[in-house]
Asks: 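What follows is a single structure, and I will ask about it in a moment.
Quick caveat: nothing in here was measured; it's all calculated off a predicted structure. In each ligand, atom 1 is the first atom listed, and ligand 1 is the first ligand listed.
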Amino acid sequence: MTAPHKIPARERVIVALDVPDLASLDAFLGRLEGQPAFYKIGLELFVAEGERAVELVKKRGGRLFLDLKLHDIPETVARTVTAAARIDADFLTVHTSGGYEMLRRAAEAAAGRPKILGVTVLTSLLEEDLRAEGIELSVAETVRARARVAARAGIPGLVCSSHEIDAAREVSRDLLLIVPGIRPSSGEAATNGDQKRVSTAAQAITHGADHIVVGRPIRDAADPARAFAALVAEVEAATARA
Ligand code: C5P
């Protein structure tokens with residue numbers, strides 16, 4: 001199933017800026033040579049540098065994904081979304097496991113900008129991790145159940161692995177689907193690190209991802225700008241085939 005949203009290939013590859021401080025951020029952005037069109041700031045960098053990191057990224061142009069993965073009582077999440085909305089990011093994440101009311105209040109507080117994305121099941125988890133929490137569903141069934149709650153709450157997009165795209169699209173074809181856990185198909189050694197439900201960029205796009213999120217395969221590459229360009233080419237080829 002192809003993604004229903006028409007997005008340029010360069011914007012479909014979101015680069016995770018998983019670095020500890022402003023100096024490493026500046027160095028990493030330099031090595032990317034202004035090529036990416038969509039950057040993600042996650043917890044590590046945001047906790048360390050806050051809006052200083054946002055400003056540095058914005059100077060480079062491009063869209064911004066604030067990956068704060070909020071999960072708290074509805075009132076706290078709603079107030080945090082309101083505070084984060086000042087940053088003018090395109091996307092902001094919350095955990096769908098926070099429940100209907102938390103999701104509804106997050107969507108209401110954002111009022112469309114940033115777009116709230118619901119993290120379904122982290123790509124570092126497997127079915128056995130769900131079992132350990134007493135969840136008897138498969139990962140795909142859990143994603144489908146959480147996607148239903150999120151869609152009902154007015155959440156416009158989800159984060160899931162490539163393996164659950166069909167389950168999410170069954171709930172709503174209009175949801176924006178963002179897929180992390182991307183690993184190279186060839187070339188530099190494919191190391192998964194803590195990611196468990198992985199796929200290549202081509203697989204994710206062919207299954208219907210709107211965006212992929214790539215961290216270590218770009219950050220740790222000998223030439224990050226080249227690694228990014230190779231991923232964009234892979235996305236373009238997969239889109240043409242889809
Ligand atoms: O290095 P790697 O490509 O595995 O980076 C994955 C990035 O995507 C990290 O920044 C991580 O926070 C993020 N992410 C994820 N799984 C999710 C949501 C976000 O791995 N479900």
Side-chain angles (χ1 to χ4, degrees), residues 12-21 24-25 28-29 31-32 36 38-49 53-54 57 63-71 89-98 103 114-127 129-130 139-140 142-144 146-147 150 155 157-165 167-168 175-185 187-205 207 209-221 224 227-228 230-232 234-235:
R12 295 179 78 174
V13 182
I14 302 178
V15 180
L17 300 168
D18 293 332
V19 292
D21 52 37
S24 4
L25 174 62
F28 186 28
L29 289 171
R31 298 185 77 207
L32 287 165
F38 214 144
Y39 296 100
K40 181 173 90 72
I41 293 183
L43 283 168
E44 177 191 15
L45 185 57
F46 196 72
V47 167
E49 301 286 1
V54 172
V57 172
R63 302 173 66 189
L64 179 67
F65 173 0
L66 202 52
D67 190 15
L68 300 185
K69 294 196 175 70
L70 304 175
H71 189 173
D90 289 85
F91 297 157
L92 171 65
T93 40
V94 302
H95 276 286
T96 53
S97 52
L103 295 167
K115 277 201 166 87
I116 301 291
L117 303 179
V119 176
T120 53
V121 176
L122 290 169
T123 44
S124 52
L125 300 178
L126 292 171
E127 200 167 296
D129 298 297
L130 300 182
V139 173
T142 308
V143 168
R144 193 181 296 115
R146 291 181 179 171
I155 297 287
L158 297 176
V159 181
C160 63
S161 96
S162 180
H163 307 279
E164 297 95 38
I165 289 175
L175 285 164
L176 264 178
L177 296 184
I178 285 67
V179 171
I182 301 298
R183 291 297 174 262
S185 40
E188 293 181 43
T191 44
N192 293 344
D194 53 356
Q195 297 281 24
K196 299 281 165 48
R197 303 195 324 283
V198 297
S199 64
T200 65
Q203 284 164 345
I205 296 300
H207 279 119
D210 292 297
H211 294 275
I212 56 172
V213 171
V214 188
R216 287 162 286 189
I218 293 178
R219 186 198 65 191
D220 300 340
F228 172 78
L231 280 158
V232 173
E234 192 177 333
V235 165

Asks: Of all residues at least two apart in sequence or in a different chain, which pass the salt bridge (Lys or Arg N to Asp or Glu O under 4.0 Å) check with Arg31?
Replies: none
Asks: Measuring from atom CD1 of Ile41 to atom CG of Leu64, what distance do you get when rounded to the nearest 0.5 angstrom?
Replies: 5.0 Å
Asks: Taking only residues two or more places apart in sequence, or in another chain, which ones meet Asp129 in a side chain to side chain donor-acceptor pair (under 3.5 Å)?
Replies: none
Asks: Measuring from each atom of ligand 1, which residues have a heavy atom under 4.0 Å away?
Replies: Ala16, Asp18, Lys40, Asp67, Lys69, Val119, Leu122, Thr123, Val159, Pro180, Arg183, Gln195, Val213, Val214, Gly215, Arg216, Pro217
Asks: Does the gap between the ring centers of Phe65 and His211 come in under 6.0 Å?
Replies: no
Asks: Kindly write out the residues that satisfy side chain to side chain donor-acceptor pair (under 3.5 Å) with Thr96, not counting sequence neighbours, or none if the list is empty.
Replies: none
Asks: Quick one: CG on Leu231 to CD1 on Ile212, what's the gap to the nearest 0.5 Å?
Replies: 5.5 Å
